[in-house]
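Below is one structure, written out as structure tokens, with a few remarks after it.
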Amino acid sequence: QVQLVESGGGLVQAGGSLRLSCAASGRTLSTYAVAWFRQAPGKEREFAAGINWSGGTTDYADSLKGRFTISRNNAINRVYLQMNSLKPEDTAVYYCAARPNTYYRDSTYYNYWGQGTQVTVSS
């Protein structure tokens, strides 16, 4: 099993930045694909960013390209989401998720999930 814990969320003014961290334990993440998802109140959970096992390939939701950056450090079992130029529309609970080997955008393919961290962007 893989246990995931997100941190780094909070309240920030529009235009500001936050850096989310996903810490893994139980197993190494070196061969796992990892993704960030987010869910705003009353809305469906949506894909935000993904990264393959080596970190050589990254993927972003269209609305987040150029503002968010996903990265990973397999040596310490951590994945990060750097969020810049934040907008009120980015307000959501952010989750990290992992699965062995193959990457997918669809959240239903992931069985390992963190508890989520709240990001609130004020106008």
Side-chain angles (χ1 to χ4, degrees):
Q1 292 186 318
V2 176
Q3 294 81 46
L4 304 174
V5 179
E6 303 95 334
S7 62
L11 176 64
V12 65
Q13 186 100 123
S17 298
L18 284 173
R19 182 175 180 255
L20 305 184
S21 178
C22 177
S25 62
R27 291 186 179 183
T28 178
L29 285 180
S30 62
T31 60
Y32 286 72
V34 178
W36 288 92
F37 296 85
R38 66 183 189 178
Q39 188 166 22
K43 295 185 178 180
E44 191 173 273
R45 185 172 297 183
E46 65 176 356
F47 171 81
I51 190 167
N52 74 339
W53 67 270
S54 69
T57 301
T58 57
D59 188 28
Y60 302 93
D62 288 343
S63 64
L64 306 181
K65 290 180 180 178
R67 297 193 297 121
F68 287 19
T69 302
I70 188 171
S71 62
R72 67 189 301 164
N73 186 338
N74 287 339
I76 58 172
N77 281 338
R78 281 187 179 269
V79 177
Y80 305 97
L81 185 67
Q82 179 67 47
M83 306 185 295
N84 298 327
S85 301
L86 284 163
K87 305 174 181 179
E89 308 91 84
D90 296 319
T91 296
V93 177
Y94 284 72
Y95 302 88
C96 69
R99 69 182 311 278
N101 302 315
T102 305
Y103 169 79
Y104 295 96
R105 282 191 168 198
D106 193 330
S107 64
T108 63
Y109 286 88
Y110 294 83
N111 289 325
Y112 303 115
W113 291 86
Q115 85 290 344
T117 185
Q118 177 71 48
V119 172
T120 302
V121 184
S122 62
S123 60

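Since this is a predicted model, take the numbers as computed values, not measurements. Here, residue 1 is the first one in the sequence, and each next residue gets the next number.
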| message | I'd like to know whether CD of Glu44 has more than 12 heavy-atom contacts from other residues, nucleotides or ligands below 6.0 angstrom. | response | no
| With a cut-off of 6.0 Å (strictly less than), are more than 12 heavy atoms of other residues, nucleotides or ligands near CG of Asn111? | no
Taking every non-hydrogen atom, the tightest pair across [X] and [Y]:
X: Pro88; Y: Ser123; value: CG-CB, 3.9 Å
X: Ala33; Y: Asn101; value: CB-O, 4.0 Å
X: Phe68; Y: Tyr60; value: O-CE2, 3.2 Å
X: Arg38; Y: Ala92; value: CB-CB, 3.9 Å

Pairing residues for [X] by the salt bridge (Lys or Arg N to Asp or Glu O under 4.0 Å) criterion, not counting sequence neighbours:
X: Arg27; answer: none
X: Lys87; answer: none
X: Glu89; answer: none

State, yes or no, whether a side-chain contact exists between [X] and [Y] at a heavy-atom distance under 4.5 Å.
X: Gln13; Y: Val121; result: no
X: Leu20; Y: Trp36; result: yes
X: Asp59; Y: Ile70; result: no
X: Asp90; Y: Val119; result: no
X: Val2; Y: Leu29; result: yes
X: Thr57; Y: Ile51; result: no

Interatomic distance, [X] atom [atom1] to [Y] atom [atom2] [nearest 0.5 angstrom]:
X: Thr69; Y: Asn84; atom1: OG1; atom2: CG; answer: 6.5 Å
X: Ser85; Y: Leu64; atom1: OG; atom2: CG; answer: 11.5 Å
X: Thr91; Y: Lys43; atom1: OG1; atom2: NZ; answer: 10.0 Å

| request: Name all pairs fulfilling the disulfide bond (SG atoms under 2.5 Å apart) condition that reach into residues 35-67, sequence neighbours left out, sorted by first residue then second. | output: none
Give a yes or no answer on whether the side chain of [X] reaches the backbone of [Y] with a donor-acceptor pair at less than 3.5 Å.
X: Asn73; Y: Asn77; result: no
X: Glu6; Y: Cys96; result: yes
X: Thr117; Y: Gly9; result: yes

| message | Starting from Tyr95 and following side-chain heavy-atom contacts under 4.5 Å between hydrophobic residues (I, L, V, M, F, W, Y), which residues can be reached? | response | Phe37, Phe47, Val93, Tyr103, Tyr104, Tyr109, Tyr110, Trp113
| task | Linking directly or through intermediates, with side-chain heavy atoms under 4.5 Å: list the remaining ILVMFWY members grouped with Tyr80, chain and number order. | result | Ile76
| said: Would a single hydrophobic cluster contain both Tyr32 and Leu4, if residues Ile, Leu, Val, Met, Phe, Trp and Tyr are joined by side-chain heavy-atom contacts under 4.5 Å? | reply: yes
| remark: Checking Met83, Gln82, Arg67 against Ser17 for side-chain contact (heavy atoms from CB on, under 4.5 Å), the one that qualifies is Gln82
| query | Between Arg72 and Asn74, does any side-chain donor sit less than 3.5 Å from a side-chain acceptor? | reply | yes
| Hey, mind stepping through Arg78 and Ser21 against side-chain hydrogen bond (donor to acceptor under 3.5 Å, both in side chains) and telling me if it holds? | CA-CA 7 Å; Arg78 281 187 179 269; Ser21 178; 2.6 Å; yes
